[in-house]
Amino acid sequence: MRIRKIYIVAALLAMPSFLVMCTKPSAFSEDEYDPRLSGGAATVFDETSKAFGNMITGLSEYDQHIHGLGDNSVDQTFVTAPATINSGLGPVFNNVSCRSCHHNDGKGSPTTGTVTSSMLMRLSIPGTDAHGGPLAVPGFGLQLQDLAIFGKTQEAKVTISYIEQIFTYPDQNIATLRKPTYTFTNTYANLPSDVMVSPRMAPPFFGLGLISLIPESTILSFADENDADGDGISGKPNYVFDAANNKMMLGRFGMKANTATILTQAASAYQQDMGITNRIFPVESAFGQTQLDGLNDDPELADTLLDAVDYYLLTLAVPARRNTTDANVLQGEKLFAQVGCTNCHKPTIQTGVDVRYPVLSNQRIHPYTDLLLHDMGDGLADGRPDFKATGKEWKTPALWGVGLFEKTNGTPFYLHDGRARTLEEAILWHSGEAEKAKQNFVALTQTDRNNLVRFLKSL
Amino acid sequence: MKKLIFLFAAGCITVVSCSKDDNNTTSQTNFETLKDSVIIDFVNKTAIPGYEDLLSKATTFDNVVTALNSAPTDANLTAAQTAWKNMRSTWEQCEGYLVGPVEDDNYDPNMDTWPVDYVQMDSLLASANTLEVADIEALSTLSLRGYHPIEYILWGTDGQRKAADLTTRQKKYINSLTTDLKNTCTKLRDSWIASGGNYGAKLLAAGKGTEPFTTKKSAFVAMATGLADICGEVGDSKMKEPYDAKDSSIVESPFSGNSLIDFRNNIKGAYDVYMGKFLGNNGYALHHLVAAKNLSLDNKIQQQFAAAVSSFDAVKLPYEQAIFTERVQSLQVMTNLATLKATLEGDLQSFIQTNITD
């Protein structure tokens, strides 16, 4: 009898806690969050030229050491093998260190074939490989290496020329857009006539850890492949073969969401861009070509360094927004949503839980991307499919940090090939699924257009 | 007794805070003028004269190496080594303000890429390449250009180079490299002045709403960040990597044995940028700005700079050897640099955030 009473009392006492669990935790209202925190807890307050290179907080002493090791590694200039340090450059390559392209952990300049160039050309021929990916060009592979060590021949030289075109707004204001064309000269072997070429600028390094933690279900929830809601915007996930995991995975990185993991991205950049073989890609990019050095020194990169670089990229913080209380910026933010930019440039996403990285885990972030592929029209099309991405589709790029390019880069360049010199030009290049949003932007008054750009500059 | 001390202390604080308030209006105006003076002097008395001096050292260096090329005497070799060190000294001090074109337009890697690519250098020297300046400019890697390939040839792997050992091709090669260096330094100087890229004007326009310094605060933040960055570069990277790995092959200037002097000059350069006496040119600088509002912080920064610079003197051997036999002294330098960096990143940055609002 007494025991029963105790049970009842215990049950009664426990009830409030059950009831509490029943109530859903209420989210804060929008204005209770600090809008500056683009990366949630993984945000850093730095608006200098070094804004893209900050470590997230909360790392242990040893983890900070690994981050620092990765930081130093992305700085290292590689030299020709055999060498005692940083050995293995080339024989053909695009640049000599990670930061030579990713200037200040950022974007760089849209030039090719110089020591300060940040752009490369992806190549393929029609058809797909065993995994449904792009088909390599015989003798050239999937990427053009436009530099070579002394005495060897680069695959080709690339010259870029621009044709300027005038864009006239309904209010008679004008903007000058420039469209690039790429010409290959001095090819070391004949390029097939049906070669497809896609120019790519080096993207910024930061925020990748947060992007990798966005739940797959969240990204897929944005997808509308057949445009079922009839808003003219489809949004398609890319599924790509990931060499590090040896399986098909959802693509998150790269201009066409053509890479699934940071590790594969970094490893492929070492092997393709610099000619540094590693455990993920142990064969020289020039394998089978006349330039091959024939040294038996692969893999050239130590696993510890590759993993440290992977960790460095994972643990870079997102720079905080500036001027978030400025009336013009606030007006621009409103317009950004109203004209339809936020249909693809999703302002707010919650990252998934990963107890290994508390600062990246379960964060409310503002990447301004849906990580999906969209048809961007003929003007931007590269005509080179990449897994599920067609020759007209590009992944919505994240916009965080876009307002700091002038700081990190000196002269800023935007879009996948750096053709846009201002954010306004970048907007005006939008077409295809973004045509409607662009037209809405074009129809705004000049003041409102400026405010929208001001908002972008606050990111 | 304790109470008395407390009262006395409280009294002092009151007096101090009173006197501050009394001068508020005048010091406020002074502070506004001071801000402008600091930016003006940073451009005209630090940055531009720094690059002017670098160009003049580069010109001398080029002339001396031209002389060595035509008359390979040991005296000319020694003169070339001295000119290398002199130019290096100014360059390392200029790294105390890595702001603007020097980092935006890759002047740093153009002059100071490390390590040297020996395999390529051997094939270049063994080739029929004419080694003219245009040939140097056409090379596809910077690891064949700048200070370090020249250093390797001037000193040799053991630091015992004799003029007679230099081959005709080596002399021709370094002579083109020194001209290439001079050309780079000319471009760097020009990037700051009105007849060139005029970056100086961009800094002088700080706070007028134009990029890249829309606010005055952003200009001061950039200066302070430059100071902290070089402390990090030396303490966390250039010194720490060979120290941790106990590997003298990854020390920056191993052939000339000049690494420690390089490091010291980096920090001395930053110190002088902070004090407004860069290469002996006196002007207003961050030191005056901080001292105007927070004397104790200014003292703290000065002391930590002085401690960091002087701690280099305790390391007596070249750094390639010190990482094995003077580890305590080397570590002390790194510790001092870490302390200084923390102050520059913490206290100095918050001072700027608090006191410079336009």
Side-chain angles (χ1 to χ4, degrees), chain A residues 45-51 53 64-65 68-69 71-73 75-87 89-90 92-97 99-100 103-104 108-109 113-117 146-152 154 293 295 322-323 403-412 457, chain B residues 98-107 109-110 113-127 129 137-145 191 197 199 211-215 217-218 221-226 228-229 232-233 236-238 240-241 244-245 247 249-250 345 349 353:
Chain A
F45 286 84
D46 183 349
E47 47 184 284
T48 70
S49 59
K50 307 289 180 200
Q64 291 182 33
H65 169 71
L69 193 60
D71 190 356
N72 287 333
S73 296
D75 231 10
Q76 291 304 322
T77 295
F78 282 92
V79 296
T80 316
T84 50
I85 33 173
N86 305 352
S87 177
L89 177 70
V92 290
F93 58 96
N94 296 102
N95 222 322
V96 296
S97 75
R99 285 224 174 90
S100 300
H103 190 76
N104 275 339
S109 312
T114 78
V115 284
T116 59
S117 295
D146 56 1
L147 287 174
I149 58 168
F150 188 80
K152 304 283 181 179
Q154 73 283 342
D293 59 14
L295 292 172
R322 287 94 33 226
N323 308 319
L404 285 166
F405 283 3
E406 266 162 298
K407 286 274 170 55
T408 59
N409 217 39
T411 312
K457 288 206 163 184
Chain B
L98 288 174
V99 175
V102 69
E103 62 159 357
D104 294 344
D105 302 326
N106 297 289
Y107 286 100
N110 262 295
T113 285
W114 182 93
V116 175
D117 193 327
Y118 303 106
V119 176
Q120 280 200 80
M121 192 196 286
D122 287 346
S123 42
L124 175 68
L125 291 173
S127 73
N129 186 295
E137 287 167 352
L139 293 171
S140 58
T141 58
L142 291 173
S143 42
L144 291 175
R145 291 163 72 176
S191 68
Y199 190 80
E211 292 286 350
F213 302 106
T214 46
T215 59
K217 183 180 8 189
S218 61
V221 167
M223 283 181 221
T225 306
D229 280 351
E233 167 102 30
D236 303 337
S237 176
K238 286 182 186 177
K240 190 167 188 299
E241 283 173 41
D244 284 350
D247 183 353
S249 73
I250 52 177
E345 281 182 338
Q349 288 286 0
Q353 296 295 338

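As a basis for the values below, the full set of heavy atoms in this structure was taken, side chains included, without hydrogen atoms, waters or symmetry mates. Just so it is clear, the model here is predicted, and its values are computed rather than measured. Order of the sequence lines sets the chain letters (A, B, ...), proteins ahead of strands, with each chain counted from 1.
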Run the salt-bridge test on A:E47 and B:K217 with the 4.0 Å N-O cut-off and return the result as yes or no. no
Among A:D46, A:T80, A:L69, A:T48, single out the residue with the greatest number of heavy-atom pairs under 4.5 Å to chain B. A:T80
Treating B:N110 as the side-chain partner and B:N106 as the backbone partner, does any N or O pair qualify as donor plus acceptor under 3.5 Å? yes
Only counting residues at least two apart or in another chain, list the ones meeting side chain to side chain contact (heavy atoms under 4.5 Å, CB included) with A:N86. A:Q76, A:F78, B:P115
Residue A:L89 versus chain B: region with a heavy atom under 4.5 Å: side chain
Test side chain to side chain donor-acceptor pair (under 3.5 Å) on B:E233 and B:S237; report intermediate values, then the result. CA-CA 5 Å; B:E233 167 102 30; B:S237 176; 4.9 Å; no
Checking heavy atoms, do the side chain of B:S143, its backbone, both or neither come under 4.5 Å from chain A? side chain
With B:Y107 via ring-ring contact (aromatic ring centres under 6.0 Å, His included) - residues at least two apart: none
So, the part of B:E103 with a heavy atom under 4.5 Å from chain A: the answer is both
If one checks every heavy atom of A:N104 against chain B at 4.5 Å, the contacting part turns out to be side chain
Quick one: which of B:L139, B:D244, B:D105, B:T225 has the most heavy-atom pairs under 4.5 Å with chain A, could you say? B:T225
Should the pair B:D236-B:K240 be classified as a salt bridge under the 4.0 Å nitrogen-to-oxygen rule? no
My understanding is that only one of B:N129, B:T141, B:D122 makes a side-chain contact (heavy atoms from CB on, under 4.5 Å) with A:F150; could you say which? B:N129
Below 4.5 Å from any heavy atom of chain B, which atoms of A:T77 appear? Answer side chain, backbone, both or neither. both
Bottom line for B:V116: the part with an atom under 4.5 Å from chain A's heavy atoms is backbone
If you count heavy-atom pairs within less than 4.5 Å of chain B, which of A:H103, A:Q154, A:K407 leads? A:H103
Look only at the side chain of A:S87 and the backbone of A:P82, and say whether a donor-acceptor pair between them is shorter than 3.5 Å. no
Pick whichever of B:D104, B:V221, B:V99 has the most heavy-atom pairs under 4.5 Å with chain A. B:D104
One option among A:N72, A:L147, A:D71 has the most heavy-atom pairs under 4.5 Å with chain B, and it is A:N72
